[in-house]
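Notes follow once the structure below has been shown.
These numbers were taken from a predicted model, which means no experiment stands behind them.
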Amino acid sequence: MHKTIWAALAVSMGLAGTACAQPAPTGPQPRNDYTQDSSWLCRPGRQDACAQDQTATIVAADGATRVEPFKADPKAPIDCFYVYPTVSTDPGGNSDMTIDPAETIVAEQQFARFGQVCRTFAPMYRQVTLAALRQVMQGKASPGDEALAYNDVLDAWKDYLARDNGGRGVVLIGHSQGSRVLLRLLAEEIDGKPVQKQLVSALIIGMNTPIDPATDAYGGIKMCRKPGQVGCIVSYVSFRASSPPAEPAFFGKAEGAKRAACVNPAALAGGEAPLHSYFSDRTIAGAPRKTPWIKGKDVTTTFVSTPGLVTAECAASGPYDYLAIKVHGVPADPRVDDIPGDLMVLGSPLKAWGLHLADVNLAMGDLVALVEAQGKGWK
């Protein structure tokens, strides 16, 4: 990525004053034992990062509110395997395997709600850290070892298949760095292999999935383009329609003749559609939200849904393909008129990152409903 983008991210995350990143590990690293519960952020039946309450307040445009309860389904017919984005606040180039608030928060924000429709599995992995971005900001080579991160997830995937899968359908879910890891896993371990028949779908969010425009596929795996389709990929990056991606934006642009996939989870066949969003009182990076959701009322739940506020449509702008987000705020009504998700630097949004922080939450309700329908279709 461009150094200016990483610099802004590091500043926004408060990394400029943190401990210096340590050198990348040299030589072979010991493998994690994924038969141990401590190697997992989420596993079924535990009180862990994915057992956090997802109860939400529905905030209508006219100011009416109601509480929407949440209940996970421990007998869900399919599984979900999640790889979280870059959130580690550990000081080295790669994170350790200790579950910190950063990992717990992002699982609560992006993954726990899928417990309604699937059993939840999320490995800890030695990801490239936020501190590694600071090194890039300083013009140095990244101390992070991407191969170490990938090999951890690969080991976790193999352990899941051996101990837990039992022939069940599985959905892969990732965001940002997690999506990049899953793209490699799809290419090397699933596409064309016997296990591909168990792939219900893959949600590759907030990362560029390079597709051949002629085949609309990543390798041999098609994009999801119609209801009932299974074994396919949903992928998008989100930008405000009023601020489309342009150089030096990284998200939404593939290399060479490929295009970055855009699949609208609320309208697989294309076109503009309302998004069933679930926003929170903080970002996936843990920063608190300060703007009230509604005038004159306190919202006490962690999550909020705002029907009719946001619509989305896949769009193209030069070499970029993205999910164009429109916010339909009405100043005259009591509901909030804008949404979170911008990466803020010195009080201004970093346009090159679009709505990266809210990629998943923007369409969370649509993604959960899609996974539920695909699970039934796969069976």
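Contact detail for Ile294 and Gly63: the closest heavy-atom pair is CD1-O, 3.0 Å.
Within 6.0 Å of NZ in Lys376 there are 12 or fewer heavy atoms belonging to other residues, nucleotides or ligands. In the displayed structure, Lys75 atom NZ is contacted under 6.0 Å by at most 12 heavy atoms of other residues, nucleotides or ligands. Enclosure of atom NZ in Lys222 by more than 12 non-hydrogen atoms of other residues, nucleotides or ligands within 6.0 angstrom is indicated.
Using a distance-only test at 3.5 Å, with no hydrogens or angles considered, a donor-acceptor pair links the side chain of Gln196 to the main chain of Gly192.
Annotation: cation-pi geometry satisfied between Arg113 and Phe303 (NZ/CZ under 6.0 angstrom from ring centroid, within 45° of ring axis).
Applying the side-chain contact (heavy atoms from CB on, under 4.5 Å) test between His276 and each of Pro307, Pro265, Ser305 identifies Ser305 as the sole match. Checked against Thr57 for a side-chain hydrogen bond (donor to acceptor under 3.5 Å, both in side chains), the options Thr65, Asp298, Thr300, Thr301 give a single hit: Thr301. Applying the side-chain contact (heavy atoms from CB on, under 4.5 Å) test between Ser201 and each of Leu203, Leu199, Ile204 identifies Leu203 as the sole match.
Electrostatic pairing of Asp281 and Arg289 does not count as a salt bridge here, judged by no charged N lying under 4.0 Å from a carboxylate O. In this structure, Asp216 does not pair ionically with Arg259, as no charged nitrogen and carboxylate oxygen lie closer than 4.0 Å.
The six-membered or imidazole ring of Phe251 lies away from that of Tyr320, with a centre-to-centre distance of 6.0 Å or more.
Residues Asn165 and Tyr160 have side chains that bring a donor and an acceptor to within less than 3.5 angstrom of each other. Under the 3.5 Å distance criterion, with hydrogens and angles disregarded, no donor-acceptor pair is assigned to the side chains of Thr129 and Ser88.
Taking 4.5 Å as the limit, some side-chain heavy atom of Gln110 sits within range of a side-chain heavy atom of Pro85.
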